[in-house]
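First the structure, in the form of structure tokens, and then the observations on it.
A note on names: the letters A, B, ... follow the listed sequences, proteins ahead of strands, and every chain is numbered from 1. Side chains included, hydrogens not; waters and symmetry mates left out as well; all remaining heavy atoms used.
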Protein chains: 2
Amino acid sequence: MTALTIGPAARASGVSAKRIRHYEAIGLLRPAGRTEAGYRLYAAADVHELRFIARARALGFSIAKIAELLDLWRNRSRASADVKALALEQADLLRGRIADLQAMADTLETLAARCEGGARPDCPILEGLAGGSPGD
Amino acid sequence: MTALTIGPAARASGVSAKRIRHYEAIGLLRPAGRTEAGYRLYAAADVHELRFIARARALGFSIAKIAELLDLWRNRSRASADVKALALEQADLLRGRIADLQAMADTLETLAARCEGGARPDCPILEGLAGGSPGD
DNA sequence: CTTGACCTTCCCATGAGGGGAAGGTCCACA
DNA sequence: TGTGGACCTTCCCCTCATGGGAAGGTCAAG
């Protein structure tokens, strides 16, 4: 049960020290305990929580959503339906972004395919950007 | 050839007045002409350029890349190969982001599918976030 | 002449931190 | 005992691409 200072806690959790302080500052994390000298201290449970946050971030959750997830996680009496709803909402959000990006990438590739790419100046890509719909 | 003030130019181009000023401030656009009273003025060619920017933004290009594209567009002597390279680079960037988001969405949906979603507190989603790999 | 719609510049905020300065602390080694 | 270096603290500014809004000038219509 040795508590860690922020550096080792960062290395153990995969969340940078900078971020940990930031999360504390914005209230995502409860204020860490301190040594007499003012160093933050993290117990194993805190590191576990940090890893939870790191994973949630890796799934693209916003800090606000992570706050909800953490709350659900800390309150073990929560209903799993709530968690599922958050997860599916996040998946929907990601699917929406994916669709947007895909449309962009498709348009770009369509335009690029029509561009000979030589040294001559006529370029359907610029024309597409300048004037008509991408399908002009 | 009536020049427009920033509001009409914004409406005609689809770029907000706020953004137009911003683009000028960061050097993406050359300083607009001014009336005696200091109002910015935009000719048809300027509005055309703004629409070019709006379209490029819609394809996800960063401001820095749009600066390159604008340069290529303004310099009609450019090689279309340069434009094509920018477009394909952007498409690659988007495809990379899409892959990342897709992995996240897939993980979320996998986890959610294993979650019964009832009122009981046991939830594979939280467990996935807390501890193991998503596939645990 | 006033009203209201427009324009100007200016600063502050976002989200999610990173970079780095200035200064305090801790530990090991000579 | 001291000192060096690695660590920690707070602080403020930077990002990126804007949006919001304040304070104040301008313009055209009624």
Side-chain angles (χ1 to χ4, degrees), chain A residues 2-29 31-43 46-47 50 52-70 90 93-94 97 100-101 104, chain B residues 2-29 31-43 46-47 50 52-70 90 93-94 97 100-101 104:
Chain A
T2 50
L4 305 176
T5 55
I6 201 168
R11 283 186 286 277
S13 66
V15 179
S16 75
K18 214 63 166 157
R19 275 191 227 180
I20 295 174
R21 292 194 197 97
H22 179 63
Y23 291 161
E24 183 182 318
I26 64 176
L28 180 64
L29 295 174
R34 301 277 185 146
T35 67
E36 285 192 8
Y39 285 23
R40 286 176 183 79
L41 287 177
Y42 298 88
D46 300 318
V47 173
L50 286 169
F52 180 97
I53 293 173
R55 282 174 208 272
R57 285 263 65 198
L59 292 177
F61 283 100
S62 70
I63 297 293
K65 289 296 170 190
I66 293 176
E68 293 182 47
L69 286 169
L70 265 181
Q90 174 67 10
L93 190 141
L94 295 178
R97 276 195 220 156
D100 289 349
L101 296 181
M104 295 182 199
Chain B
T2 50
L4 304 175
T5 54
I6 202 170
R11 283 186 287 277
S13 66
V15 179
S16 75
K18 212 66 166 158
R19 275 190 231 179
I20 296 175
R21 292 194 196 97
H22 178 63
Y23 291 160
E24 182 182 319
I26 64 176
L28 181 63
L29 295 174
R34 301 278 186 146
T35 67
E36 286 192 7
Y39 285 23
R40 285 176 183 80
L41 287 178
Y42 298 89
D46 300 318
V47 172
L50 286 169
F52 181 98
I53 292 173
R55 282 174 209 273
R57 285 262 67 198
L59 292 177
F61 283 100
S62 70
I63 297 293
K65 288 297 171 191
I66 292 175
E68 294 183 48
L69 286 170
L70 266 181
Q90 174 66 11
L93 191 141
L94 294 177
R97 276 195 221 157
D100 289 349
L101 295 181
M104 295 181 199

Inset, instruction - Could you tell me whether A:Arg21 and A:Glu24 make a salt bridge, using a distance below 4.0 angstrom between a side-chain N and a carboxylate O? - result: no
Legend entry - Nearest-Å distance for atom pair CD1/C1', residues A:Ile20 and C:dA16: 15 Å
Legend entry - Approximate separation, where rounding is to 0.5 Å, of B:Ile53 CD1 and B:Leu70 CG: 4.5 Å
Legend entry - pair B:Ile20-B:Tyr42: side-chain heavy atoms closer than 4.5 Å: yes
Legend entry - Considering all heavy atoms, the nearest A:Leu41-A:Thr5 contact: CD2-CG2, 4.1 Å
Legend entry - Spacing of A:Lys65 atom NZ relative to C:dG15 atom P, expressed in whole Å: 13 Å
Inset, instruction - Any chance you could list the contact pattern along nucleotides 1-8 of chain D? Use B for base contacts, S for sugar-phosphate-only contacts and - for none, protein heavy atoms under 4.0 Å, 5' to 3'. - result: ------BS
Inset, instruction - Report yes if the side chains of B:Leu29 and B:Asp46 come closer than 4.5 Å at any heavy-atom pair, otherwise no. - result: no
Pairs under 3.5 angstrom, nitrogen or oxygen only, protein versus nucleotides 16-20 of chain D, please.
{"unit_1": "D:dA17", "atom_1": "OP1", "unit_2": "B:Ile63", "atom_2": "N", "d": "3.2"}
{"unit_1": "D:dA17", "atom_1": "O3'", "unit_2": "B:Arg57", "atom_2": "NH1", "d": "3.3"}
{"unit_1": "D:dT18", "atom_1": "OP1", "unit_2": "B:Arg19", "atom_2": "NE", "d": "3.4"}
{"unit_1": "D:dT18", "atom_1": "OP2", "unit_2": "B:Tyr23", "atom_2": "OH", "d": "2.5"}
{"unit_1": "D:dT18", "atom_1": "OP2", "unit_2": "B:Arg57", "atom_2": "NH1", "d": "3.1"}
{"unit_1": "D:dG19", "atom_1": "OP2", "unit_2": "B:Ser16", "atom_2": "OG", "d": "2.9"}
{"unit_1": "D:dG20", "atom_1": "N7", "unit_2": "B:Lys18", "atom_2": "NZ", "d": "3.2"}
{"unit_1": "D:dG20", "atom_1": "O6", "unit_2": "B:Lys18", "atom_2": "NZ", "d": "2.7"}

Inset, instruction - First locate atom CZ of B:Phe52, then atom CD1 of B:Ile66, and finally report the distance between them rounded to the nearest 0.5 Å. - result: 8.5 Å
Legend entry - Spacing of A:Ser16 atom OG and A:Arg11 atom CZ [to the nearest 0.5 Å]: 12.0 Å
Inset, instruction - Measure from CD on A:Glu36 to C1' on D:dT9 and round the result to the nearest Å. - result: 16 Å
Legend entry - Spacing between A:Glu24 atom CD and D:dC11 atom P, to the nearest angstrom: 13 Å
Legend entry - Axis bend over the full length of the helix from C:dC1-D:dG30 to C:dA30-D:dT1, computed from five pairs that close each end, to 10 degrees: 30°
Inset, instruction - Please name the pair of heavy atoms, one in A:Leu59 and one in A:Gln90, separated by the smallest distance, quoted to 0.1 Å. - result: O-NE2, 3.2 Å
Inset, instruction - State, to 0.1 Å, how close A:Leu50 and A:Ser13 come at their nearest heavy-atom pair, and which atoms those are. - result: CB-CB, 3.5 Å
Legend entry - Heavy-atom pair with the smallest gap, counting every atom of B:Ala12 and B:Leu4: CB-CD1, 4.5 Å
